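Before any comments, here is the structure.
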Amino acid sequence: MESKWLAMVLVVLSLGATLCDGCLEEERFALFQLKPFFEFIDYTFLDLYDESKLEKESSSNCCKWERVECNPISGRVAHLFLNYSNNNMMQWYLNASLFLPFEELQILSLSGNSIAGCVTNQGFERLSSKLGKLENLDLSGNNFNDSILASLSEISSLNSLNLTDNIFTGSNPINGIEMLSKLNNLETLDLSGNRLGNNILSQLHGFASLKSLHLEDCGLKGTVDIQGINNNWMNLKELYLGGNEIKSLGSLVQEKEGMKLNKLEVLSLSHNLINNTIFSSLAELSNLKSLDLSDNELEGAIYTKDLNALSNLEELILFENEVNGFIPSQGLRLLNLKVLHLSVNHLSNSVMSSLATLSNLKTLWIDISKFNGLIDMEGLYGFSNLEELYMFCINLYCSFSLQSLGLFPTLKTLYLFGFNINETTMASYPHNNLYGLRNLEELYMICNTASVTADFTSLKRLKLSYCEVNKNLTRQERLNLRSLEELELESSSLPSNFIQVFGPLISLKKLTAHHIDGNNTPLMHDACELTNLQELDINGCNLKGSLPMCFSNLTSLKILSLSYNQYSGNISILQSLTFLESLDLSSNQFFGNISALQSLTLLEYLDLSSNQFSGNISALESLTSLRSSNISNNKFHIPSSLRPLFNLSKLKNLYADNNTIHADDHEMSHSSAPRFQLSSIRLSCCGSGGSFPQFLYHQSELQSVTLSDIYFKVDRSPFWLLENNTMLMTLNLVNCSLSGPFQVPSHVHSTLAYLDISNNAFGGNIPVRIGVHLPFLMYLNMSNNYFNGTIPSSFGDMSFLQVLDLSINQLSGEIPEHMVMGCSSLQFLALSNNKLQGSIFSENFNLTSLLELELSGNNFTGMIPNVLANCSYLNILDLSNNSIYGEVPSWIWNMSKLVALDVSRNQLFGKLPQWRGNVLNLEQVSMADNQLNGSIPRAICGLNLNLKILDLSMNSLSGTLPSCFKPVSVSEVHLSKNMLQGALPNAFCDSSLLVILDLSYNHLNGNIPSWISNLSDLSYLLLKGNHFEGEIPIQLCKLDRLSLIDLSQNNLSGGIPSCLKVSALNYVIEQYIRYSLSFFDNNNLMSIEVSIEYTVKSRSYNYKRRMLQYMSGIDLSCNKLTGEISFETKSIMKLFTLNLSHNSLTGPVPRAFSNLMDMESLDLSYNNLTGNIPAEFAVLHFLGYFNVSYNNLSGKTPERIGQLGAFDESNYIGNPFLCGSLVGKNCSPVETPLAPKASAGNKEGHGFIDMDAFYGSFFACYVMVLLCIAAVLYINPYWRQTCRPKPEGPNSKVPNDFQIGLETLALLFLEPRLILEGSGSVCPAPESRPPFKALPP
């Protein structure tokens, strides 16, 4: 008889095996009908914590798919897990009848799919007709509302319904949650995460079958009177009310009706506002087994009488309150309690005695916050069943003896945080026999110091973090970790022989060491003894040199990670590790080829990034199990066709950035398809890839593609990538030399979220329907191309778009209103450097989420739109280089989040607005080149703390800087070409971070202050065109980082400090290079377009920020400087320009200037220099401008060799005693100047000229000339009118002819060099401001 039954069972099993050999065809067809709505239905998650890492199912049998489970007998689909299967972020409506073919469906999960409801007449009520076995329905994380409840109430078979995180309100008592009471089999209902409020409780009174109810985070407040609302919850066993604002539960007992919740076993009230009175309210819940009161307002001592009433309690969680103990201290009688969680409270060591009576406790979480010294565990002697102990010392001054664990013979898991592990007091524990340690399986210690000598024979997992372990253990004191399987060491200090004294580690399978100093601990050599090791992870341990030869002994290794060390050499030693499945050698200094990897055929994950590997990648051909490979940041030569990888059928992810990408000489045709189907590829930088990679034609499962910074020779852009890959989420084709029109896919692409095609040569119009076909884009960058025409209004259909960059194109027209209204999620909008026009925004404006708005370099007109006042989160506003007019609106100063503002180069007028306290975060302000006038308001002092860049140049600002203005963090100040006056303000005396100070072309006077030496980072000092006087302060010599100093066109006198130090930023010491690069590559905010005007080769140029680092120069021209030129050459070795013209300098031209090999411009004209021109100047090969005209130089002009051959007579004119071909005068012996005998009263030689006679004759001639000019002016009325100044007002008086003559004579008498030097000798006046721009009508 038994044999017959056995035969029947075998027949049934064989029949079942046949039936489930593949899913039924009708259900398979139904699954593919679902795919348009649930794209990931046939995909599996590679990483449960990263939903972007997906892989298409390889099996055609849908019963083997991760998201599908079938009945093993019938072969029909029983479970469908379609959670997070729709990448469409838009709300959509479900046709529930698509599930009707799955007649044996028991579990259906549709969570996280943005479903807003069901198609009309195709709701969940349709399922009741055929899906009689459906018991579990999960609709959490969607956008369902109350309208769906009626259809759900028809699925009578439901046992569990999850409606978490939708938008149910329960406001309608008729058509609300109460409708679900028709589900007589419903035992579990989860309404968490819906804003239901207290009224929801009255709608739940008819749910008699409920056993588990979740109302977490539902907006419940105050007193929740469960008994008073007459709920019929007689069968309820679990009630979850966490995450609300409940203060009490009222009375749980009614006088007439008694207790209705007498079956309740689990009550969670975590994250509420419950106080100590809750315990008396719960006293009647005699069957309660689990109580969670974590994160409430419990405080002080808890009365044990109320707790003891819960005699069946097995789990008590009081985590994160302010409890400090129990009263009476030894009164707890919870004999069934197994789990007690008391951490993050205010407990002291005395609490131990209160817990001594909990004899059945298995798990204890406790922290000690008010205690120093050794924790007394003696009071816990009764914990004979304790298995898990988690102890925290909050102040880090507690001590703990591992020997005290002998009190807990059943302890298996121990977690100690912040203790000093101390074994010296074990004698104080009379019951100590170390038996507890012999049963310990898991030990985690985050501690200060650890002194351990104990027997851990049962320990399987050991983790030491931030511990200073015994430094001098001997082999006799070893810890006996013979059963240890996992050892994790993090940021700890270990003995040099730690492997030996921990050992023998004969069972160790996993060793992890992170941030252990490998110089003091021979990690690798010790690890070589662990021949059974399967996983080795040594990360960030500063290990150097080559891999040890003994490494080849670790033949059992499956996972090896040596990342973030300093290993070098080749990796040939790894070829014997044939069982490796994962290899991570990233961020080291390995070099050579990778041929050793050919034998690792089981390898699935490979990371060689950030090393110095070179050669080809043919060694990867044999790695047929490879799924993911990262070889970025090396020196590989990789063919753009990826031909060596064509046989790797399992390859899903390839990252190969920053190698050399080259064209394949044997490029495969379209018909040559690789065996892999990639999910992600990064192949950016550098090289010429030839034609666009043809293998991509055969890829249909791509989710992320990055092929940036490679030169491709293509006739047609690869937009088939979007057509062929419906799962594509990221497409990055930056700087690939792509051209032609931009095309969108023919269908709506529902997954593409990131598209970057910037820095190419695309042209033509942006497709009109781009927003229709790519509606789910979140990031779109089309900048730096050649797009023209208008901006399509369909951008307004991209409601999820957060970043839009269309800058640096040739777009024209206005900003479409539909885009401004529809892109409600937009945070970054850049339309700079186009040809856009009209007003910026109209009144219809919905971009209130903007963080950054860049509209510079267009033709926008009108005023700054007031609608921007609604952008309360705006960080950056750039409206520069337009034709915007009007005053700066006052609402700008109410934008508390504003960090950078640039409205420069417009037609703004009026006074500077008052800064207010709301803009304290402003770091960059530029209003340059407008028509602003008046004084700088005192309110600017509110920016003292954070201001980094201030540019108010090229306006008509007057007055002085407010005395309270002292910006401590400022790095750039540009106030040039205004009408500021007074002495150099003390505003910047404490601005030690100041790099650029440009106050040129103002009316500042007085001396250059000595506090200038406080500006230790100052690199560019420009005070040109003011009225400074006095001597150049010697304190300037303390500025070691000067690159440009321009003090020209002032009234400075005295000598030139010889100690001045000037050099270009790219030549300074290496430490400062890091600073300079960060300064000039300042990309943490927008790049405010600032420039410095500096005169080179007698012409003024504007140098922008990026070019400044290559400039170095000194300009002291047009002053009254005297004395000889005596620079310390070593301090100006890298000087590019030097202009000392139009002064009264004497002495010879320094021969040391011939050592300034980078000199490009040298102007010493209009001085009193004497002597010869050094012939050594011929070696200055970069000298492009040289002028020594109008001095008293003598001797022969230099030979026309090298750069000196490029200069003609104009560069030497005005030196009457020079001779040579350049000045047209022979150098005969007769004409050679003779050195006169110096008289006793004359210490300075002047050649052969009798200077007394020269000055006498010159003065007589000079007086005659003045008299002649006066006579001409008096006689000729036309010339007299030309010299007559115009009256400046109605009361101004016109000077008479006599006054004009006297003024003219005085001018000529006081400036005789105007006659001596001719018209070219006059110092150029400060540039006058251009006339104001005409305002638009």
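Here the structure is a predicted model, which is why all the values come from computation and not from measurement.
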(message) As a quick check of understanding, evaluate side-chain contact (heavy atoms from CB on, under 4.5 Å) for Ile681 and Asn653, giving each step before the final call.
(response) CA-CA 6 Å; Ile681 179 172; Asn653 302 298; over 6 Å; no
What is the ring orientation for [X] with [Y], classed by angle as parallel under 30°, tilted 30 to 60°, or perpendicular over 60°?
X      : Y      : value
Trp720 : Phe692 : perpendicular
Phe845 : Phe841 : tilted
Phe38  : Trp92  : perpendicular
Phe762 : Phe719 : tilted

(request) Answer yes or no: is there a side-chain heavy-atom contact under 4.5 Å between Cys23 and Val68? (result) no
(message) Quick one, Val744 and Phe742 - any side-chain contact, counting heavy atoms below 4.5 Å?
(response) yes
(message) Apply side chain to side chain donor-acceptor pair (under 3.5 Å) to residues Lys835 and Gln810 and explain how you reach the verdict.
(response) CA-CA 6 Å; Lys835 301 177 182 178; Gln810 300 172 12; 4.8 Å; no
(request) Taking only Lys NZ, Arg NE, NH1 and NH2, and the carboxylate oxygens of Asp or Glu, determine whether Lys652 and Glu701 approach each other closer than 4.0 Å. (result) yes
Are any side-chain N or O atoms of [X] and backbone N or O atoms of [Y], one a donor and one an acceptor, separated by less than 3.5 Å?
X      : Y      : answer
Asn633 : Ser609 : no
Asn647 : Glu621 : no
Ser684 : Ser708 : yes
Asn616 : His637 : no
His749 : Met729 : no

(request) Verify the ring-centre separation between Phe40 and Trp65: is it less than 6.0 angstrom? (result) no
(request) Please step through side-chain contact (heavy atoms from CB on, under 4.5 Å) for the pair Leu801 and Phe828, ending with a clear verdict. (result) CA-CA 9 Å; Leu801 194 63; Phe828 176 95; over 6 Å; no
(request) Could you go through the side chain to side chain donor-acceptor pair (under 3.5 Å) check for Asn659 and Asn634 one step at a time? (result) CA-CA 6 Å; Asn659 287 284; Asn634 281 285; 4.9 Å; no
(message) Apply side chain to side chain donor-acceptor pair (under 3.5 Å) to residues Asn784 and Asn759 and explain how you reach the verdict.
(response) CA-CA 5 Å; Asn784 207 0; Asn759 295 287; 2.5 Å; yes
(message) With side chain to side chain donor-acceptor pair (under 3.5 Å) as the criterion, how do Ser807 and Ser832 come out once you've worked through the C-alpha distance, each side chain's angles and the decisive distance to 0.1 Å?
(response) CA-CA 5 Å; Ser807 59; Ser832 303; 5.7 Å; no
(request) Kindly determine whether Asp756 and Tyr779 satisfy side-chain contact (heavy atoms from CB on, under 4.5 Å), including the steps that lead there. (result) CA-CA 8 Å; Asp756 193 340; Tyr779 180 101; 3.7 Å; yes
(message) Under the criterion side-chain contact (heavy atoms from CB on, under 4.5 Å), I'd like the reasoning laid out for Asn83 against Arg67: C-alpha separation, chi angles, the key distance, then a yes or no.
(response) CA-CA 9 Å; Asn83 44 307; Arg67 294 174 174 271; 4.2 Å; yes
